[in-house]
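To start, the structure under review is shown below, and the notes come after it.
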Amino acid sequence: MSIFVVVWHMGGGGQSLVFSKDEYLKHVFTASDFVNFHLLLLAVPTFIFVSIYLYASKPVSIIRLKKQLGRVFILLSFWPIALTLYNNSYQGLLSIIPNSPAEFVYTVLRAGNTVYYFFTSLIICLLAVHFFLQLDRKFQLPIFLVSIVLLAVLPQLTMTTGFYPLSAYWSPLNFIPLSFSAALFAQNQNNILKYRRIALLLSVVLCALFSVFEWKYSVGQIFFPGQGYAIPAYTRTSLVFAVITIFILALDPRIRANRAIKYMAKYSLALYCLHPFLISPVNKYVAIFVQDETVALYVSIMLVVVFSYSIGTLLRKYYLREEVIV
């Protein structure tokens, strides 16, 4: 899934008219839309789901919560500062100092205007799920269903109010229903797997229905600011059920990971954290030797992935604490 993040950030999925502010109204669903919005953008929701699932699979306690939050806070403190210094030296840090309470909130939620907003959202999701798990179970399912409905209507509220942050890609609201679903999955895993085929069929059908709904009713000009395309990245209920589908399939006991997959899984965080440092220099030097833009793009993607894994392995072994890189 981390490779999906790299491909998305480097534009490897192609672009349809939904990326055009002038022509998005002429847009028709294309193969690149499926790749971009229904495959590549599954990465962050899947990371959230897995993180919350692992947390919810063990008894809830303040000690565990503090430990988990501390781990994520280390990542949130280190990587945005490192990337900002790398891109713009100390002046970059000065430029993100907020001038108002609202700007402070946005800066925090966006992890200093970097790709590491995932860590902020994960902290908020952990807090939400910690209290969710302490509720009587008879209240949990209704709360999850309400959160699903709210997620589905958020794009319409965004278009009605003109308040883009309601559906921003960095908004933690995108991942709260996903977190509740992960918690419910952890609590009811045996029953879900017992009726695996029914659960799988239901999640696929709901994913498809919400996808059709989103492409019909959640496309608008209001979504261009901050992301550059006319449909919300993560404010889409279909992604919740897509991730559930993936997770049900992944828990099939017949699936065995080989050594390469285990290595990639171990260093998925390293790839996520390191690839923003490499995109610009790799693109620059590949362009010198490869004239065809399409070939250059995919060569660059491959090199960014390889270099990220290699650097991650070296940093973990010689320079950085495991909490920062793995």
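Every value quoted in this text rests on a predicted model; they were computed, and no experiment measured them. Note that these values count all heavy atoms, side chains included, but never hydrogens, waters or copies made by symmetry.
- Between L271 and V305 the shortest heavy-atom distance is CD1-CA, 4.0 Å.
- The distance from the OG atom of S20 to the NZ atom of K26 is 8.5 Å, given to the nearest 0.5 Å.
- F247 and F49 have their aromatic ring centers within a separation under 6.0 angstrom.
- In plain terms, the two heavy atoms of T158 and S167 that are nearest each other are OG1-OG, 2.6 Å.
- S61 contributes atom OG, which lies 10.5 Å from atom CD of Q68 (distance to the nearest 0.5 angstrom).
- For F29, the CZ atom sits in a packed shell: over 12 heavy atoms of surrounding residues, nucleotides or ligands are nearer than 6.0 Å.
- Side-chain contact check for Y234 versus L239: some heavy-atom pair is nearer than 4.5 Å.
- Using a 30° and 60° split on the angle between ring planes, W215 and H27 fall in the parallel class, below 30°.
- The hydrophobic clustering, which links ILVMFWY residues whose side-chain heavy atoms are closer than 4.5 Å, places F213 and L154 apart.
- Just one of T294, I301, V299 meets the side chain to side chain contact (heavy atoms under 4.5 Å, CB included) condition when paired with L297; it is I301.
- Geometric assessment of R64 against the ring of Y55 yields a positive cation-pi assignment under the 6.0 Å and 45° thresholds.
- Under the ring-ring contact (aromatic ring centres under 6.0 Å, His included) rule, Y229 has a single partner from Y169, F37, Y24, which is F37.
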* Residue pair T30, D33: steps toward the side chain to side chain donor-acceptor pair (under 3.5 Å) verdict -> CA-CA 5 Å; T30 66; D33 292 324; 3.1 Å; yes

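- L157 and V240 end up in the same hydrophobic cluster when Ile, Leu, Val, Met, Phe, Trp and Tyr side chains are linked at under 4.5 Å.
- Taking every heavy atom of both residues into account, G220 and M159 meet most closely at CA-SD, 4.2 Å.
- The closest side-chain heavy-atom distance from L65 to V60 is not below 4.5 Å.
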* Checking side-chain contact (heavy atoms from CB on, under 4.5 Å) for the pair S211/H38: CA distance, chi angles, key distance, verdict? -> CA-CA 9 Å; S211 295; H38 296 278; 3.3 Å; yes

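- The closest donor-acceptor contact from the side chain of Q140 to the backbone of D136 lies at 3.5 Å or more, if one exists at all.
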Pairs under 3.5 angstrom only: tabulate donor-acceptor contacts from the side chains of residues 172-186 to other protein residues two or more places apart or in another chain.
{"residue": "N174", "atom": "OD1", "partner": "T235", "partner atom": "OG1", "Å": "2.6"}
{"residue": "N174", "atom": "ND2", "partner": "A168", "partner atom": "O", "Å": "2.8"}
{"residue": "N174", "atom": "ND2", "partner": "S171", "partner atom": "O", "Å": "3.1"}
{"residue": "S179", "atom": "OG", "partner": "F175", "partner atom": "O", "Å": "2.8"}
{"residue": "S181", "atom": "OG", "partner": "L178", "partner atom": "O", "Å": "2.5"}

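- Of the possible donor and acceptor atoms, one in the side chain of S300 sits under 3.5 Å from a partner among the backbone N and O of A296.
- Here the CG atom belonging to L166 is positioned 11.5 Å from the CD atom belonging to Q156, to the nearest 0.5 angstrom.
- For E293, the CD atom counts as loosely surrounded, since its 6.0 Å shell holds 12 or fewer non-hydrogen atoms of other residues, nucleotides or ligands.
- Residues satisfying the ring-ring contact (aromatic ring centres under 6.0 Å, His included) test with F241, not counting sequence neighbours, are F210.
- Residue A111 comes nearest to L76 through the heavy atom pair CB-CD1, 3.8 Å, listed as atom of the first residue, atom of the second, then distance.
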* Could you walk me through whether Y117 and L109 pass the side-chain contact (heavy atoms from CB on, under 4.5 Å) check? -> CA-CA 6 Å; Y117 64 89; L109 292 177; over 6 Å; no

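- In this structure, the side chains of W79 and V115 stay at 4.5 Å or more apart for every pair of heavy atoms.
- Both L127 and F119 belong to a common hydrophobic cluster when Ile, Leu, Val, Met, Phe, Trp and Tyr are linked at side-chain heavy-atom distances under 4.5 angstrom.
- Note that the CD atom of Q221 and the NZ atom of K21 stand 5.5 Å from one another [nearest 0.5 Å].
- Distance check, rounded to the nearest 0.5 Å: SG of C273 to CZ of F78 gives 9.0 Å.
- The shortest non-hydrogen separation linking A43 to F4 is CB-CB, 4.0 Å.
- A distance below 6.0 Å separates the ring centres of Y272 and F118.
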* Check the pair Q15 / S32 against side-chain contact (heavy atoms from CB on, under 4.5 Å), numbers first and verdict last. => CA-CA 6 Å; Q15 291 190 356; S32 70; over 6 Å; no

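- Interatomic distance, L151 CG to T237 OG1, rounded to the nearest 0.5 Å: 4.0 Å.
- Aromatic ring orientation, F19 versus W8: tilted (interplanar angle from 30° to 60°).
- For F277 and Y86, the ring centers are positioned less than 6.0 Å apart.
- Q189 and Y53 form a side-chain donor-acceptor contact under 3.5 Å, judged by distance and modelled atom types alone.
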* To do: Check the pair W170, Q227 against side-chain contact (heavy atoms from CB on, under 4.5 Å), reporting the backbone distance first and the verdict last.
  => CA-CA 10 Å; W170 42 262; Q227 61 173 36; over 6 Å; no

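- Between the H130 side chain and the L126 main chain, no donor and acceptor come within less than 3.5 Å of each other.
- When side chains are defined from C-beta on, H9 does not count as touching P276, because their heavy atoms never get closer than 4.5 Å.
- Taking hydrophobic clusters as Ile, Leu, Val, Met, Phe, Trp and Tyr residues chained together by side-chain heavy-atom distances below 4.5 Å, V204 does not share a cluster with L209.
- Among all heavy-atom pairs drawn from D292 and V295, the shortest one is OD1-N, 2.9 Å.
- R197 has its side chain out of reach of L201: every pair of non-hydrogen atoms, C-beta onward, lies at least 4.5 Å apart.
- A donor-acceptor pair is defined here as one N or O able to donate and one able to accept, closer than 3.5 Å; no such pair exists between the side chain of S203 and the backbone of I244.
- Within a 6.0 Å radius of CG in L135, more than 12 heavy atoms belonging to other residues, nucleotides or ligands are found.
- Counting heavy atoms from C-beta outward, N191 and R196 have side chains that stay 4.5 Å or more apart.
- Contact annotation: the side chain of V219 never approaches that of E214 to less than 4.5 Å [non-hydrogen atoms, C-beta and beyond].
- Cluster membership check: L202 shares its hydrophobic cluster with L251, using side-chain heavy-atom separations under 4.5 Å among Ile, Leu, Val, Met, Phe, Trp and Tyr.
- Residues R110 and T114 form no side-chain contact, since every pair of their non-hydrogen atoms from C-beta on lies 4.5 Å or further apart.
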